[in-house]
Amino acid sequence: MKVSVDRDRCCSSGMCVLNAPEIFDQDEQDSLVILRQTEFKPPQFAVLRLAAELCPGGAITVTEEDSAEDAS
Ligand code: SF4
C-alpha cells in the first residue's frame, strides 16, 4: 500500500492525526499534514483507508498495490 498526502488540499482539520497519530502529524508552523512513515504494514491498512475516507480535504491518497501490478 502506498500513501501520499497533498498539502495543497489539506485544510488542517487534524482528523488524520486524531485517528492515526503514529502515521500522520501536523506541521508546527502551518498545521498542514505531515506523513510520518513511508512504509506501511497490513495492520495499518484499515486505519489508512479510514483516514483517506474521513479527510475533509481529500488530501490523503491510498493506493492499493497488493500484487505487483505496477505497469506504468
Ligand atoms: S484529515 Fe486531511 S485535511 Fe485534515 S489534517 Fe489530515 S490531511 Fe489535512
Side-chain angles (χ1 to χ4, degrees):
M1 174 176 279
K2 281 187 182 169
V3 178
S4 62
V5 293
D6 182 346
R7 288 167 57 90
D8 289 336
R9 299 187 71 167
C10 176
C11 57
S12 312
S13 71
M15 286 289 289
C16 55
V17 182
L18 278 176
N19 283 312
E22 74 283 3
I23 299 172
F24 300 98
D25 200 356
Q26 283 178 279
D27 192 298
E28 280 182 22
Q29 291 182 353
D30 56 19
S31 298
L32 297 177
V33 64
I34 296 170
L35 198 53
R36 302 180 68 184
Q37 298 180 16
T38 52
E39 293 188 6
F40 305 96
K41 296 181 178 163
Q44 297 176 300
F45 290 178
V47 78
L48 283 163
R49 290 185 192 107
L50 183 66
E53 225 174 278
L54 295 179
C55 174
I60 302 170
T61 302
V62 171
T63 309
E64 311 281 343
E65 49 170 8
D66 233 13
S67 48
E69 291 180 43
D70 210 352
S72 58

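All values below come from the heavy atoms of this structure, side chains included, with hydrogens, waters and symmetry mates left out. Counting starts at 1 for both ligands and their atoms, in listed order. From a predicted model like this one, the values you see are computed outputs, not experimental measurements.
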With a cut-off of 3.5 Å and sequence neighbours excluded, list every side-chain donor-acceptor pair involving residues 46-54.
| unit_1 | atom_1 | unit_2 | atom_2 | d |
| --- | --- | --- | --- | --- |
| Arg49 | NE | Glu64 | OE2 | 2.8 |
| Arg49 | NH2 | Glu64 | OE1 | 3.1 |

| remark: Near atom 8 (Fe) of ligand 1, protein N/O/S count under 2.8 Å comes to 1
| said: If hydrophobic clusters are built by linking Ile, Leu, Val, Met, Phe, Trp and Tyr wherever their side-chain heavy atoms come under 4.5 Å apart, do Val62 and Ile23 end up in the same one? | reply: yes
| field | Common cluster, Leu18/Phe24, ILVMFWY with side-chain heavy-atom separation under 4.5 Å | value | no
| query | Can you list the steps and then say if Gln44 with Glu22 is a side-chain hydrogen bond (donor to acceptor under 3.5 Å, both in side chains)? | reply | CA-CA 10 Å; Gln44 297 176 300; Glu22 74 283 3; 4.7 Å; no
| task | May I ask you to list the residues sharing a hydrophobic cluster with Ile34, side-chain cutoff 4.5 Å, ordered by chain and number? | result | none
| said: I'd like to check the side-chain hydrogen bond (donor to acceptor under 3.5 Å, both in side chains) partners of Asp8; sequence neighbours left out, ordered by chain and number. | reply: none
